Amino acid sequence: MNKVVDNVGIAVEGIKDNMTLMLGGFGLCGIPENSISELVKIGVSGLTCISNNAGVDDFGLGLLLQNKQIKKMISSYVGENDEFERQMLSGELEVDLIPQGSLAERCRAGGAGIPAFYTPAGYGTEVAEGKEVRDFNGKPHILESALSADFAIVKAWKGDTEGNLVFKATARNFNPMMAMAGKITIAEVEELVPAGALDPNEIHTPGIFVQRIFQGARFEKRIEQRTTRSK
Amino acid sequence: MGLDKTGIAKRIAQELRDGWYVNLGIGIPTLVANYIPQGIEVEFQSENGVLGMGPFPFEGDEDADLINAGKQTITTMKGASFFDSATSFAMIRGQHVQLTVLGAMEVSEKGDIANWKIPGKMVKGMGGAMDLVASADNIIVAMMHSNRAGVSKLLKSCSLPLTGVACVKKVVTDLAVLEINGGAFHLLERAPGVSVEEIQSKTEGRLVVHGDVPEMSL
């Protein structure tokens, strides 16, 4: 089944004000930067964005924040972003902070038909407030619910016309779970290849989870913390 | 006097055992990787999705797709693997990682830890810290004994929002190695030249001293 769309404009068609989006990436690594730029361009607002981080001031989701297109962020870590902090402290932006592993599992659950699950993470902390607690093997756990989204937008290294995806190194992160949890999943890839060009043994995300795929026009792939050693 | 951050990292490195998978947090814990004892093999896990993390790349070899949980560019060792975030936290919650080393703002005598939020000041999020402390069998906290204002970070109970309850087993500070057990800090070792009295005066929580406390050997 051919999932290819011609460009990013067609890929994001149907994304409207007040929708819930999932966006893959960890920090600036593995983020769907072409789609984010397009969302800035079309100006949809009131968005609820589920993403591990919120970008930096001038890149990634930070661009949507600057433009005040995001109403609510669901994330695990939102440092490195002054505009985010300002909007959060002034109450303009609603923020739901979730332990990283719970965020990943809630996305996975959303795509896997698991409505909720128990986890020890966050027990006894403010994350547990209002949540059901249950002991298993003598240890308390809290009930966390699945997450889903109107659109999930992921970024892969290679993808084929069937929507099969291969990620590179740590750019995989949240992308596979989010691809599973979107009602419509958009994949932007660095290299789009014909069906059959990828080894089926090495597919990370099977095409069934992807509805639209396109090759991004440009990837900046900005590095957040450039650390090196001398030769 | 006490240890500097490198000294704390060196002392924690002595806790590493052959064959362990280890998760190192940001800050002092990261330095532990520089002092792996000779003759043992450990593999470092970074919760953003890599096992077998290596040192920073040489200049010019940085790869935007290859970073650690602190978003720093890294390399991988032979035999490394990459995985998604759900798999990564399955390793952590499933107790496949033998040791977690992380920093803290406060630790209590009951083993509670606070390291993610200062209400009204710093609200950046917990990242993976809550998942790590909730599940790890073996958690070592690396931190200074007192904060910059000179106030003890080893408390009767934490004043900041908690990251996890009754989970920290061992704390290594610039002054001491302490084990948490039965609602008290047990003093195991002193930093070179640091007296029991000094440690006592800088520990707000209950401190138990058993006989002569040896100096750390670094």
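Protein chains get the first letters and strands the later ones, always in sequence-line order, with residue 1 at the start of each. Everything numeric in this text was worked out from a predicted model, so none of it was measured.
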Tell me, for E190(A) versus chain B, whether the close heavy atoms (under 4.5 Å) come from the side chain, the backbone, both or neither.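 Side chain only.
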Select one option (side chain, backbone, both, neither) describing which atoms of S230(A) are under 4.5 Å from chain B's heavy atoms.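 Backbone of S230(A) only, per the 4.5 Å heavy-atom cut-off to chain B.
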Between [options], the one whose heavy-atom pairs under 4.5 Å with chain B are most numerous:
options                            : answer
P176(A), A104(A), A169(A)          : A169(A)
R222(A), E105(A), K139(A), R226(A) : R226(A)
G101(A), S75(A), A121(A)           : G101(A)

Can you list the residues of residues 93-100 of chain A that sit under 4.5 Å from chain B, counting heavy atoms only?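 Under the 4.5 Å heavy-atom cut-off, L97(A), I98(A), P99(A), Q100(A) qualify.
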Residues in residues 127-135 of chain A that sit under 4.5 Å from chain B, counting heavy atoms only: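 Answer by number: V127(A).
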Between the side chain of S85(B) and the main-chain N/O of N173(A), is any donor-acceptor distance below 3.5 Å?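 Flag set: sc S85(B) to bb N173(A) pair under 3.5 Å.
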Under 3.5 Å: donor-acceptor pair, side chain of T227(A), backbone of T73(B):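 Answer holds: yes.
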Once you round to the nearest 0.5 Å, how far does [atom1] of [X] lie from [atom2] of [Y]?
X       : Y       : atom1 : atom2 : value
R108(A) : F89(B)  : CZ    : CZ    : 14.5 Å
T119(A) : M130(B) : OG1   : CE    : 11.5 Å
C29(A)  : D63(B)  : SG    : CG    : 8.0 Å

Measuring only between side-chain heavy atoms, which start at C-beta, is [X] closer than 4.5 Å to [Y]?
X       : Y       : value
I67(B)  : F26(A)  : yes
E126(A) : W116(B) : yes
F58(B)  : T228(A) : no
D84(B)  : F174(A) : no
S102(A) : D131(B) : yes

If the contact rule is any heavy atom under 4.5 Å from chain A, which residues of residues 147-161 of chain B qualify, in numerical order?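 Interface residues of residues 147-161 of chain B: P161(B).
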Under 4.5 Å heavy-atom distance to chain A, tell me which part of [X] shows up: side chain, backbone, both or neither.
X       : value
T87(B)  : neither
V123(B) : both
N68(B)  : backbone

Quick one: do [X] and [Y] make a salt bridge, cutoff under 4.0 Å?
X       : Y       : value
D65(B)  : K168(A) : yes
R229(A) : E59(B)  : no
K124(B) : E85(A)  : no

Tell me which of these, [options], has more heavy-atom pairs under 4.5 Å with chain A than the rest.
options                          : answer
G120(B), P55(B), S135(B), G49(B) : P55(B)
V165(B), N48(B), V50(B), L66(B)  : N48(B)
G128(B), G60(B), A90(B)          : G128(B)
S46(B), A86(B), G127(B), A134(B) : G127(B)
A69(B), A129(B), G164(B)         : A69(B)

In this structure, which one of L28(A), V56(A), I223(A), N53(A) forms a side chain to side chain contact (heavy atoms under 4.5 Å, CB included) with K71(B)?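 Checked L28(A), V56(A), I223(A), N53(A) against K71(B); only one passes side chain to side chain contact (heavy atoms under 4.5 Å, CB included): N53(A).
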If you look only at distance, which donor and acceptor atoms sit under 3.5 Å apart when one is on a side chain in residues 6-15 of chain B and the other is two or more places apart or in another chain?
unit_1: R11(B); atom_1: NE; unit_2: E189(B); atom_2: OE1; d: 2.9
unit_1: R11(B); atom_1: NH1; unit_2: Q14(B); atom_2: OE1; d: 3.4
unit_1: R11(B); atom_1: NH1; unit_2: E15(B); atom_2: OE2; d: 2.9
unit_1: R11(B); atom_1: NH2; unit_2: E15(B); atom_2: OE2; d: 3.0
unit_1: R11(B); atom_1: NH2; unit_2: E189(B); atom_2: OE2; d: 2.9
unit_1: Q14(B); atom_1: NE2; unit_2: S217(B); atom_2: O; d: 2.6
unit_1: E15(B); atom_1: OE1; unit_2: K170(B); atom_2: NZ; d: 2.8
unit_1: E15(B); atom_1: OE2; unit_2: K170(B); atom_2: NZ; d: 3.4

